[in-house]
Amino acid sequence: KYAALDPRIIVVNHPNKGLPGARNSGLKIAKGEYVGFIDADDTIDADMVEDFVNVATNYNKPNVIASNIIQYENGNQKYQILKNEMPYGVLLKQDEIKTHFIEPYYGGYMGIIPSACTKMYKVGFLIENKLMFDESLKRAEDYWFNFYVFSKADSMYAIDHAYYHY
């Protein structure tokens, strides 16, 4: 229905490959400069994409743009904002990404780092580094995806705002 109304919407039909397979299908046909992911049962603020695009434009198109997340308890109005201890509002380079993202992975602290839904990724960077979701995983596919993304990224920008409603 929506694809008939908007040529930017593409419907992909294939056998169920789980969440990683669905995300990889989207990556393979992505036409934009950046790609992001929204789970079917979550929502985002109306200004999320616009704010992320502004960061991409004003900060030399980083490989990854990230933000915080609003997590609701059992679908009710009670919530908390989850965020990581990291520099916000500055362009991070490879050594800073290692310090603030890769090292916490190894140390067992993850916070919201693994979530693919709080980020937009530069499509060319993902393709160039052959970064895809592992379709053999039934859980935590975004954990491993982001581990490899941050291992390869040479630029990242984090926005200190929660746009994603989980």
Side-chain angles (χ1 to χ4, degrees), residues 2 6 8-9 19-20 22-23 26-27 30-127 129 131-133 139-166:
Y2 291 104
D6 188 333
R8 299 172 298 173
I9 297 173
L19 184 59
R23 288 179 173 172
L27 286 173
K31 301 209 182 311
E33 192 168 3
Y34 282 85
V35 65
F37 303 98
I38 304 167
D39 289 347
D41 58 344
D42 299 333
T43 61
I44 62 169
D45 288 350
D47 57 348
M48 179 178 178
V49 174
E50 180 181 0
D51 288 356
F52 277 47
V53 168
N54 286 336
V55 166
T57 302
N58 295 321
Y59 289 92
N60 202 26
K61 299 185 178 174
N63 298 139
V64 183
I65 303 168
S67 67
N68 301 319
I69 192 167
I70 300 169
Q71 182 179 31
Y72 294 88
E73 290 183 19
N74 299 323
N76 64 30
Q77 293 297 341
K78 188 174 180 183
Y79 67 89
Q80 61 181 334
I81 295 176
L82 304 177
K83 55 196 292 182
N84 285 97
E85 296 200 19
M86 62 182 152
Y88 288 98
V90 294
L91 186 65
L92 302 176
K93 295 297 183 184
Q94 196 166 35
D95 60 329
E96 297 163 310
I97 295 167
K98 179 181 176 190
T99 299
H100 296 288
F101 293 91
I102 298 299
E103 290 174 8
Y105 261 92
Y106 282 117
Y109 173 77
M110 296 181 294
I112 60 164
I113 293 171
S115 175
C117 295
T118 59
K119 298 167 187 66
M120 284 181 63
Y121 306 90
K122 196 172 185 182
V123 173
F125 159 75
L126 297 178
I127 292 168
N129 288 284
L131 296 166
M132 302 288 277
F133 290 88
R139 300 177 40 190
E141 75 290 332
D142 48 356
Y143 173 94
W144 292 107
F145 176 76
N146 275 311
F147 176 80
Y148 296 119
V149 165
F150 291 129
S151 296
K152 299 281 186 182
D154 61 12
S155 60
M156 182 190 165
Y157 188 97
I159 302 169
D160 190 11
H161 184 81
Y163 299 94
Y164 194 88
H165 300 256
Y166 175 73

Any donor-acceptor pair under 3.5 Å from [X] side chain to [Y] backbone:
X: Asn129; Y: Phe125; value: yes
X: Asn58; Y: Asn54; value: yes
X: Asp45; Y: Asp47; value: no
X: Thr118; Y: Ala66; value: no
X: Asn63; Y: Asp154; value: yes

Could you work out, with ring-ring contact (aromatic ring centres under 6.0 Å, His included) as the rule, every residue matching Phe52, not counting sequence neighbours?
Tyr163

Please give me the minimum heavy-atom distance between [X] and [Y], naming the atom from each residue.
X: Arg23; Y: Glu141; answer: NH1-OE2, 3.4 Å
X: Lys122; Y: Lys61; answer: NZ-O, 3.3 Å
X: Ser155; Y: Pro62; answer: OG-CA, 3.2 Å
X: Leu91; Y: Lys93; answer: CD2-NZ, 3.8 Å
X: Ile81; Y: Ala162; answer: CG2-CB, 3.9 Å
X: Ala153; Y: Val64; answer: CB-CG2, 4.4 Å

Consider only side-chain N and O atoms of Asn146 and Tyr121, and report whether a donor and an acceptor are under 3.5 Å apart.
yes

Rounded to the nearest 0.5 Å, what's the gap from [atom1] on [X] to [atom2] on [Y]? Could you check?
X: Ile127; Y: Met132; atom1: CD1; atom2: CE; answer: 8.5 Å
X: Asp142; Y: Leu19; atom1: CG; atom2: CG; answer: 7.5 Å
X: Asp160; Y: Met86; atom1: CG; atom2: CE; answer: 8.0 Å
X: Tyr72; Y: Asp42; atom1: OH; atom2: CG; answer: 10.0 Å
X: Lys119; Y: Ile65; atom1: NZ; atom2: CD1; answer: 12.0 Å
X: Phe101; Y: Leu92; atom1: CZ; atom2: CG; answer: 6.0 Å

With heavy-atom distances below 4.5 Å as the criterion, would you say the side chains of [X] and [Y] are in contact?
X: Leu126; Y: Val149; answer: yes
X: Thr57; Y: Val53; answer: yes
X: Phe150; Y: His100; answer: no
X: Phe37; Y: Ser115; answer: no

Let's go through Asp39 and Cys117 carefully: what are the C-alpha distance in whole Å and the side-chain angles of both, what is the deciding distance for side chain to side chain contact (heavy atoms under 4.5 Å, CB included) to 0.1 Å, and is it a yes or a no?
CA-CA 7 Å; Asp39 289 347; Cys117 295; 3.6 Å; yes

State whether the number of non-hydrogen atoms from other residues, nucleotides or ligands found under 6.0 Å of Phe147 atom CZ is greater than 12.
yes

Check the orientation of Phe145 and Phe133. Use parallel for under 30°, tilted for 30 to 60°, and perpendicular for over 60°.
parallel

